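Just so we're on the same page: letters track the sequence lines, and every chain starts at 1. Predicted model only: the values in this text are computed from it and were never measured.
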Amino acid sequence: MRVVTPGFHKRVYAAVRRVPRGRVTTYGNIAALLGAKSVARHVGWALAACTDKRVPWHRVINAAGRIHKGAEQRQLLEREGVEFIARDRVDLKRFGWPQRRKSRLT
DNA sequence: GGTTTGACCATAA
DNA sequence: CTTATGGCCAAAC
């Protein structure tokens with residue numbers, strides 16, 4: 001059963017819209033929500049092609065907690081309250097979605 | 001209908 | 001830390 005089919009992009013966007021403000025998720029996580037964790041790459045490709053402003057693409061980062069769009073994305077996240085460990089790194093243990101641990105967000 | 005272009009992840013060495 | 005490998009293809013042109 002294939003997961004990546006025509007219309008895949010739309011499903012990616014729908015999944016990304018579920019990510020709450022102030023939180024971030026990973027490409028792999030979105031892929032898992034869509035039914036196949038091995039299609040993380042496709043999620044990245046889909047988002048790269050995304051032009052829909054309703055989609056909070058900036059909340060999707062890689063599994064290492066790194067952003068890949070530089071200052072623009074960082075500032076969008078910081079405005080939502082997401083803190084950065086380094087210039088392009090987010091602590092997924094604290095801001096990742098869904099929440100993995102009991103960690104609190106002060 | 002062929003070519004190009006894209007923002008990944010886990011694992012290993 | 002870096003590099004490599006296997007998993008995997010829609011959309012726009």
*asked:* Filter on ring-ring contact (aromatic ring centres under 6.0 Å, His included), then keep only pairs touching residues 43-88 of chain A, sequence neighbours left out; what's left?
replied: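 Of all non-adjacent pairs touching residues 43-88 of chain A, those that pass ring-ring contact (aromatic ring centres under 6.0 Å, His included) are A:H42-A:W45.
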Interatomic distance, [X] [atom1] vs [N] [atom2] [rounded to whole Å]:
| X | N | atom1 | atom2 | answer |
| --- | --- | --- | --- | --- |
| A:H42 | C:dG7 | NE2 | C1' | 8 Å |
| A:R66 | B:dA7 | CZ | P | 16 Å |
| A:W45 | B:dA7 | CH2 | P | 11 Å |

*Pick out which of A:Q75, A:R23, A:R59, A:R21 makes a side-chain hydrogen bond (donor to acceptor under 3.5 Å, both in side chains) with A:E80.*
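Only one option passes, and that is A:R59.
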Each nucleotide N or O in nucleotides 3-5 of chain C that has a protein N or O under 3.5 Å away: list the pair and distance.
none

What's touching nucleotides 9-13 of chain B from the protein side, N or O pairs under 3.5 Å?
| from | atom 1 | to | atom 2 | distance (Å) |
| --- | --- | --- | --- | --- |
| B:dC9 | OP1 | A:A63 | N | 2.6 |
| B:dC9 | OP2 | A:A63 | N | 3.0 |

*asked:* Starting the side chain at C-beta, find the nucleotide from C:dA10, C:dC8, B:dA7 nearest to A:W57.
replied: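 Output: B:dA7.
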*Kindly determine whether A:I85 and A:V90 satisfy side chain to side chain contact (heavy atoms under 4.5 Å, CB included), including the steps that lead there.*
CA-CA 6 Å; A:I85 295 173; A:V90 171; over 6 Å; no
Expressed as a whole number of Å, how far does the [atom1] atom of [N] sit from that of [M]?
| N | M | atom1 | answer |
| --- | --- | --- | --- |
| B:dG1 | C:dC13 | C1' | 12 Å |
| C:dC1 | B:dC9 | P | 15 Å |
| C:dC8 | B:dT5 | P | 24 Å |

*List for me each residue that meets side-chain hydrogen bond (donor to acceptor under 3.5 Å, both in side chains) alongside A:R54, sequence neighbours excluded, and say none if there are none.*
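So A:R54 forms a side-chain hydrogen bond (donor to acceptor under 3.5 Å, both in side chains) with A:D52.
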*asked:* Expected output is a numbered-order residue list: members of residues 7-21 of chain A with a heavy atom under 4.0 Å from any atom of DNA chain C. What is it?
replied: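 Per residue number, the list reads A:G7, A:H9.
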*Stepwise, does the side chain to side chain contact (heavy atoms under 4.5 Å, CB included) test hold for A:V60 with A:V24?*
CA-CA 6 Å; A:V60 186; A:V24 295; over 6 Å; no
*asked:* Run the side chain to side chain contact (heavy atoms under 4.5 Å, CB included) test against A:A48 and tell me which residues pass, sequence neighbours left out.
replied: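 If we apply the side chain to side chain contact (heavy atoms under 4.5 Å, CB included) test to A:A48, skipping adjacent residues, there are no hits.
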*Which residues satisfy the side chain to side chain contact (heavy atoms under 4.5 Å, CB included) test with A:R66, sequence neighbours excluded?*
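If we apply the side chain to side chain contact (heavy atoms under 4.5 Å, CB included) test to A:R66, skipping adjacent residues, the hits are A:N62, A:A64, A:D88, A:R89.
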_Mind checking if A:V4 touches a base, just sugar-phosphate, or nothing, with heavy atoms under 4.0 Å?_
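Sugar-phosphate, no base atom in range.
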When the side chains of residues 7-17 of chain A are checked against the rest of the protein, which donor-acceptor pairs come out under 3.5 Å, sequence neighbours left out?
| from | atom 1 | to | atom 2 | distance (Å) |
| --- | --- | --- | --- | --- |
| A:R11 | NH2 | A:V3 | O | 2.5 |
| A:Y13 | OH | A:A46 | O | 2.9 |

Under 4.5 Å between any side-chain heavy atoms of [X] and [Y], yes or no?
| X | Y | answer |
| --- | --- | --- |
| A:Y27 | A:L47 | yes |
| A:Q73 | A:I61 | yes |
| A:P56 | A:L76 | no |

_Interatomic spacing from CZ in A:F95 to OG1 in A:T25 - rounded to 0.5 Å_ =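 Rounded to the nearest 0.5 Å, the CZ-OG1 separation comes to 14.5 Å.
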Atom pairs and distances, donor-acceptor, side-chain atoms in residues 30-41 of chain A, under 3.5 Å, two or more places apart:
none

_DNA chain B contacts made by residues 47-54 of chain A, counting heavy atoms under 4.0 Å_ =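 Here the set is A:L47, A:A48.
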